[in-house]
Amino acid sequence: MSQKLKVGILGATGMVGQRFISLLENHPWFEVTTLAASARSAGKTYEEVVGSRWKMDSPMPDRVKKLVVMNVNEVEKVADSVDFVFSAVDMSKDEIKAIEDAYAKTETPVVSNNSAHRWTPDVPMVVPEINPEHFQVIESQKKRLGTKRGFVAVKPNCSIQSYAPVLTAWKEFEPKEVVATTYQAISGAGKNFADWPEMVGNIIPYIGGEEEKSEQEPLRIWGKVIDGKIVKADEPVITTQCIRVPVLNGHTAAVFVKFNKKPTKEELIDRLVNFKGLPQELELPNAPKQFIQYLEDDNRPQVNVDVDFEHGMGVSVGRLREDSVYDFKFVGLSHNTVRGAAGGALLCAELLKAQGYITKK
């Protein structure tokens, strides 16, 4: 066995689980050794379970095809085989909280794509370029769980990735009011067009729970750590609409911003293209070299052209211009299952490993 950390994927058969597998192929630090899913999938090889339901563009990696899927509810058995796990389980929120805590209590770090723990006060919800300091609450969480190395860390919702980094880059100008409409791809619901034919040529103006997440989760990311808990920020005030559109991958946002301190367009673009964070400083394996790109063409960003910028880990921004009601408006684009889901969680895990939170058992 190599010196790479042994990784388990909980919920390995779903779309995000598949994305984890795809992104982890040939990873320099991590090696997928364990796949876990529901009891009905347990005992079969991954290829037998997923087969024609493999939804990634790249082929299923050979090394996972013959891995026998384990029962995700057999926590001790799964935990014994890995150094840490990624969680993408499809359960109720209470069930997800319970099972992620159970894995953490086996001294197995959990890096979760799920929303269940995003508002647990001592669970860090992190975009590594924005708020890596929130990982410090892990020490308080360990005391609550009674663990030495086990904990839960989460990444935020996919819908905010195309505008929260942009607003962070503009923090010095103090954004105070934000109106955002997101146009969200169907893979965000874990589906493709074969699964969801009624989405072809269609728009659905409602995604359950998404607007609340889109308005509140950025405030938690911009919050402060006080007494071992994360306290959300008060500003900016954010209001959103979230719309499902007939696109496979890529969430686009149309955003209006009002500032306390009035910037120029040139200053805003400068802050975007020069915005870097700890992942770039540490040169983490999946850190985009250019986190945010600005596109001058009026017809960009486009999903077909720009969604895979920096292998899906970057954010594309265009159409920045002054507004007659707000100060400025822009269009942002991010890859919802890479930066917005599995890739964002993977970058969190890389930073946690680099900072010594995730180690070999």
Side-chain angles (χ1 to χ4, degrees), residues 127 129-130 156-188 203 205 207 210-211 214-215 217-218 221 236-276 288-340:
V127 176
E129 287 90 349
I130 297 177
N157 200 48
C158 55
S159 64
I160 73 171
Q161 308 289 336
S162 52
Y163 60 91
V166 175
L167 297 173
T168 305
W170 294 341
K171 186 177 179 181
E172 68 185 273
F173 304 114
E174 299 177 7
K176 64 178 180 178
E177 291 182 22
V178 177
V179 177
T181 299
T182 56
Y183 303 89
Q184 300 188 201
I186 65 172
S187 58
I203 285 177
I207 306 172
E210 204 75 358
E211 286 159 3
S214 300
E215 293 170 357
E217 288 188 16
I221 290 170
V237 176
I238 304 173
T239 183
T240 66
Q241 291 196 107
C242 298
I243 299 171
R244 190 73 73 192
V245 295
V247 166
L248 180 59
N249 293 311
H251 287 356
T252 299
V255 186
F256 299 77
V257 190
K258 190 174 288 186
F259 296 95
N260 282 320
K261 299 178 180 178
K262 299 299 188 285
T264 65
K265 178 178 178 178
E266 291 72 25
E267 286 174 324
L268 293 176
I269 293 173
D270 173 76
R271 301 313 188 267
L272 293 179
V273 299
N274 289 298
F275 184 54
K276 291 180 171 64
K289 288 183 171 58
Q290 181 77 39
F291 183 27
I292 304 173
Q293 69 168 340
Y294 184 75
L295 301 162
E296 296 284 355
D297 292 350
D298 285 341
N299 64 350
R300 305 275 291 279
Q302 291 181 27
V303 169
N304 287 344
V305 180
D306 302 306
V307 74
D308 291 320
F309 170 61
E310 288 282 9
H311 306 289
M313 290 296 288
V315 177
S316 298
V317 177
R319 300 209 70 211
L320 177 65
R321 60 226 190 267
E322 291 190 41
D323 183 63
S324 58
V325 177
Y326 284 74
D327 293 324
F328 281 89
K329 52 192 172 187
F330 69 91
V331 175
L333 170 67
S334 60
H335 197 304
N336 55 295
T337 66
V338 182
R339 168 58 76 163

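Every value quoted in this text rests on a predicted model; they were computed, and no experiment measured them. Values reported hereafter were calculated over all heavy atoms of this structure, with side chains retained and with hydrogens, waters and symmetry mates removed.
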* Examine distances only and state if a side-chain atom of His251 and a backbone atom of Leu333 form a donor-acceptor pair shorter than 3.5 Å. => no
* Shortest non-hydrogen contact from Pro165 toward Ile292 -> O-CD1, 3.8 Å
* To do: Not counting sequence neighbours, which residues clear salt bridge (Lys or Arg N to Asp or Glu O under 4.0 Å) with Glu322? List them please.
  => none
* To do: Please confirm whether the backbone N or O of Thr264 pairs with a side-chain atom of Glu267, one donor and one acceptor, at under 3.5 Å?
  => yes
* **Side-chain touch Lys262/Phe173, heavy atoms, less than 4.5 angstrom** => no
* Structure fact -> With sequence neighbours left out, the residues meeting side-chain hydrogen bond (donor to acceptor under 3.5 Å, both in side chains) with Asn249 are Ser187
* Asked: So, for Ala164 and Thr168, which heavy atoms are closest and what is the spacing to 0.1 Å?
  -> O-OG1, 2.7 Å
* **Results of salt bridge (Lys or Arg N to Asp or Glu O under 4.0 Å) for Glu174 - residues two or more places apart only** => Lys261
* Structure fact -> Across all chains, not counting sequence neighbours, the side chain to side chain contact (heavy atoms under 4.5 Å, CB included) partners of Thr182 are Tyr163, Gln184, Cys242, Ala253
* Asked: Is any side-chain heavy atom of Ser214 closer than 4.5 Å to a side-chain heavy atom of Ile238?
  -> no
* Structure fact -> Between Phe330 and Ser162 the two heavy atoms that sit nearest each other are CE1-O, 4.1 Å
* Structure fact -> When every non-hydrogen atom of Leu167 is compared with those of Pro175, the smallest separation belongs to O-CG, 4.1 Å
* **Partner set under side chain to side chain contact (heavy atoms under 4.5 Å, CB included) for Val305, not counting sequence neighbours** => Arg300, Gln302
* Asked: Residues in salt bridge (Lys or Arg N to Asp or Glu O under 4.0 Å) with Asp270, at least two apart?
  -> none
* Taking the side chain as every heavy atom from C-beta outward, state whether Pro156 and Val127 have any atom pair closer than 4.5 Å. => yes
In residues 311-319, what donor-acceptor pairs under 3.5 Å come from side-chain atoms, sequence neighbours left out?
| from | atom 1 | to | atom 2 | distance (Å) |
| --- | --- | --- | --- | --- |
| Ser316 | OG | Gln293 | NE2 | 2.8 |

* Determine which pairs satisfy salt bridge (Lys or Arg N to Asp or Glu O under 4.0 Å) with at least one residue from residues 159-171, sequence neighbours left out, and list them in order. => none
* **Student check: side-chain heavy atoms of His335 and Cys158 closer than 4.5 Å** => no
* **Shortest non-hydrogen contact between Arg271 and Ala169, atoms and distance** => CB-O, 3.4 Å
* **Side chain proximity check, Tyr294 to Leu320, heavy atoms < 4.5 angstrom** => yes
* What residues form a ring pair (Phe, Tyr, Trp, His ring centres under 6.0 Å) with Phe259, not counting sequence neighbours? -> Trp170
* Asked: Going by heavy atoms in the side chains, are Val255 and Lys329 under 4.5 Å from each other?
  -> no
* Grab the two heavy atoms, one from Leu268 and one from Pro263, that are nearest each other, plus how far apart they are. => CD2-CG, 3.5 Å
* Tell me, do Ile243 and Val245 make a side-chain contact under 4.5 Å, heavy atoms counted? -> yes
* More than 12 heavy atoms from other groups under 6.0 Å of NZ on Lys289 -> no
* **Neighbour count >12 (heavy atoms, 6.0 Å) for atom CD, Gln241** => no
* Asked: Are any non-hydrogen side-chain atoms of Val257 and Asp327 less than 4.5 angstrom apart?
  -> no
* Asked: Which residues satisfy the salt bridge (Lys or Arg N to Asp or Glu O under 4.0 Å) test with Glu217, sequence neighbours excluded?
  -> Arg118
* Asked: Can you tell me how far the CG atom of Asn336 sits from the OG atom of Ser159, to the nearest 0.5 Å?
  -> 10.0 Å
* Quick one: do Val178 and Thr239 satisfy side-chain contact (heavy atoms from CB on, under 4.5 Å)? Show the steps, please. => CA-CA 6 Å; Val178 177; Thr239 183; over 6 Å; no
* Sequence-distant partners of Glu129, side-chain hydrogen bond (donor to acceptor under 3.5 Å, both in side chains), two or more places apart -> Gln280, Arg339
* To do: Go through the structure and list residues passing side-chain hydrogen bond (donor to acceptor under 3.5 Å, both in side chains) with Glu211, not counting sequence neighbours.
  => none
* Would one find more than 12 heavy atoms of other residues, nucleotides or ligands at under 6.0 Å from atom CG of Asp297? -> yes
